Undergrad: 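The structure under discussion is supplied below as structure tokens; questions concerning it will follow.
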Amino acid sequence: MSFLHLDAITHVYFTKESAKVAISDLTFHIDEGEFVSLLGPSGCGKSTVLSLISGLQSPTSGTITLQNKAITAPTEQVGYMLQQDYLFPWKTIEENCLLGLKLTDQITTENKEKTLGFLEEMGLGDVKNAYPNQLSGGMRQRVALVRTLATQPDLLLLDEPFSALDYQTKLKLENLVSSILKTRKKTALLVTHDIGEAIAMSDRVILLSKRPGKLAKIFEIPEHLRELTPFEARNNPDFGNHFQSIWEELESHE
Ligand SMILES: Nc1ncnc2c1ncn2[C@@H]1O[C@H](COP(=O)(O)OP(=O)(O)OP(=O)(O)O)[C@@H](O)[C@H]1O
Ligand SMILES: [Mg+2]
């Protein structure tokens with residue numbers, strides 16, 4: 001059985017007046033250490049998929065298993081980074097990063113040192129005593145990533161972490177995040193609107209059709225692109241062909 005397995009997931013949002021099917025009969029798996037992107041039109045249910053995997057919501061039908069165990073509630077095995085960074089403005093960068101460890105009662109000297117090491121690695125060592133409003137958007141996203149990695153989750157869920165950033169910052173962060181996750185052999189599922197980002201960062205790209213989100217197609221990114229950094233991959237002559245085929249498939253589902 002794969003590391004993460006979604007089996008025939010359907011999710012319906014019920015309100016007083018209506019029932020809205022957000023996800024319909026979605027099945028896919030992710031292997032350990034894989035980096036997978038989830039791509040699809042706005043409103044097709046990408047964030048819903050992440051929130052179901054995080055255990056914050058339960059699917060209306062179908063099952064989700066992580067390492068052969070059904071996910072029924074949030075677990076420390078899963079780190080979830082949302083599009084907005086949700087840093088606490090009254091806490092310093094260091095305090096924000098240590099928050100997850102505190103809440104899960106794992107605040108040992110060793111864990112604290114590891115987290116401060118992540119901060120250094122992200123180039124944020126000298127702002128650890130600053131407050132979030134003193135940082136740029138890209139810096140705040142890096143802090144949020146350190147906070148997500150601090151509890152050492154086995155699976156990372158990243159919901160459009162780069163979408164609010166300027167292009168140059170986004171390219172730099174793609175490289176940084178990719179190398180950090182690769183060296184730590186983390187498994188990750190990234191939600192993105194950006195076809196280029198999906199190709200540059202992933203081993204596989206899962207394309208969803210418009211709402212209700214169904215599996216449209218899975219694209220395997222070839223080894224020679226996967227070996228490159230995201231920035232190098234974007235500049236590879238082969239990149240354009242993959243972009244074109246995902247673009248065409250996406251267009252056919254809009
Ligand atoms: N809590 C909720 N209650 C009711 N409907 C919801 C809720 N959350 C999401 N939806 C609806 O479910 C559908 C899927 O939403 P979701 O946020 O998962 O899409 P998405 O693919 O992440 O979109 P985007 O790309 O714009 O972020 C949308 O039609 C949305 O309006
Ligand atoms: Mg979303």
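From a predicted model like this one, the values you see are computed outputs, not experimental measurements. Residue indices begin at 1 and follow the sequence shown.
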Undergrad: So does Gly33 get a backbone contact from the side chain of Thr187, meaning a donor-acceptor N/O pair under 3.5 Å?
TA: yes
Undergrad: Cluster question for you: counting only ILVMFWY and a side-chain heavy-atom cut-off of under 4.5 Å, with indirect links fine, are Leu119 and Leu87 together?
TA: yes
Undergrad: Can you classify the ring geometry of His11 versus Tyr13 as parallel (below 30°), tilted (30 to 60°) or perpendicular (above 60°)?
TA: perpendicular
Undergrad: When you compare the side chains of Tyr131 and Glu95, does any donor N or O come within less than 3.5 Å of an acceptor on the partner?
TA: no
Undergrad: Measuring from atom CD1 of Ile199 to atom CZ of Arg204, what distance do you get when rounded to the nearest 0.5 angstrom?
TA: 15.5 Å
Undergrad: Would you say Asn236's side chain and Glu232's backbone share a donor-acceptor pair under 3.5 angstrom?
TA: no
Undergrad: State whether the side chain of Gln141 and the backbone N or O of Pro161 hold a donor-acceptor pair below 3.5 Å, judged by distance alone.
TA: yes
Undergrad: Taking the basic N atoms (NZ, or NE/NH1/NH2) and the acidic carboxylate oxygens, is any pair closer than 4.0 Å for Glu121 and Arg184?
TA: yes
Undergrad: Any idea which heavy atoms bring Ser58 and Thr72 closest together, and the distance?
TA: OG-O, 4.2 Å
Undergrad: Say whether Ser47 and Asp159, considering side chains only, have a donor N or O and an acceptor N or O under 3.5 Å apart.
TA: yes
Undergrad: Drop me the distance from Gln57's CD to Thr60's OG1, to the nearest 0.5 angstrom.
TA: 8.5 Å
Undergrad: Should the heavy atoms of other residues, nucleotides or ligands under 6.0 Å from CG of Asp105 be counted, would the total exceed 12?
TA: no
Undergrad: I need the minimum non-hydrogen distance between Ala233 and Leu225, along with the two atoms involved.
TA: CB-O, 4.1 Å
Undergrad: Could you measure the distance from the CE atom of Met81 to the CG atom of Leu149? Nearest 0.5 Å is fine.
TA: 9.0 Å
Undergrad: Would you kindly say whether Thr104 and Glu76 are connected by a side-chain donor-acceptor distance under 3.5 Å?
TA: no
Undergrad: Can you see which heavy atom on Pro41 is nearest to which on Leu250, and at what distance?
TA: CD-CD1, 4.0 Å
Undergrad: If you measure only the distance, is there a donor-acceptor pair under 3.5 Å linking the side chains of Thr48 and Ser51?
TA: no
Undergrad: Could you go through Lys170 and Asp194, starting from their C-alpha distance and side-chain angles, then the distance that decides it, and tell me whether this counts as salt bridge (charged side-chain N to carboxylate O under 4.0 Å, His left out)?
TA: CA-CA 11 Å; Lys170 171 187 162 114; Asp194 180 340; 2.6 Å; yes
Undergrad: Return the CD to CG distance between Glu120 and Asp126, rounded to the nearest 0.5 Å.
TA: 8.0 Å
Undergrad: Grab the two heavy atoms, one from Thr183 and one from Ile180, that are nearest each other, plus how far apart they are.
TA: OG1-O, 3.1 Å
Undergrad: Taking CD in Glu251 as the centre, count heavy atoms belonging to other residues, nucleotides or ligands within less than 6.0 Å. Is the count above 12?
TA: yes
Undergrad: From Leu173 CG over to Met201 CE, what is the distance, rounded to the nearest 0.5 angstrom?
TA: 9.0 Å
Undergrad: Do the charged groups of Arg234 and Glu174 touch, with an N to O distance under 4.0 Å?
TA: yes
Undergrad: Taking all non-hydrogen atoms of both residues, which atom of Ile53 and which atom of Ile71 are closest, and how far apart?
TA: O-CD1, 3.2 Å
Undergrad: In terms of side-chain geometry, is the basic nitrogen of Asp238 or Arg226 positioned less than 4.0 Å from the acidic oxygen of its partner?
TA: no
Undergrad: How far does CG of Asp154 sit from CD of Glu32, to the nearest 0.5 angstrom?
TA: 7.5 Å
Undergrad: What are the two closest non-hydrogen atoms of Cys44 and Ile23, and how far apart are they?
TA: O-CD1, 4.0 Å
Undergrad: Between Asp25 (side chain only) and Ala8 (backbone N and O only), is there a donor and an acceptor less than 3.5 Å apart?
TA: no
Undergrad: Using a distance-only test with no angle check, is there a side-chain donor-acceptor pair under 3.5 angstrom linking Gln106 and Gln152?
TA: no
Undergrad: For Asn175 and Ser178, does a side-chain donor sit closer than 3.5 Å to a side-chain acceptor?
TA: no
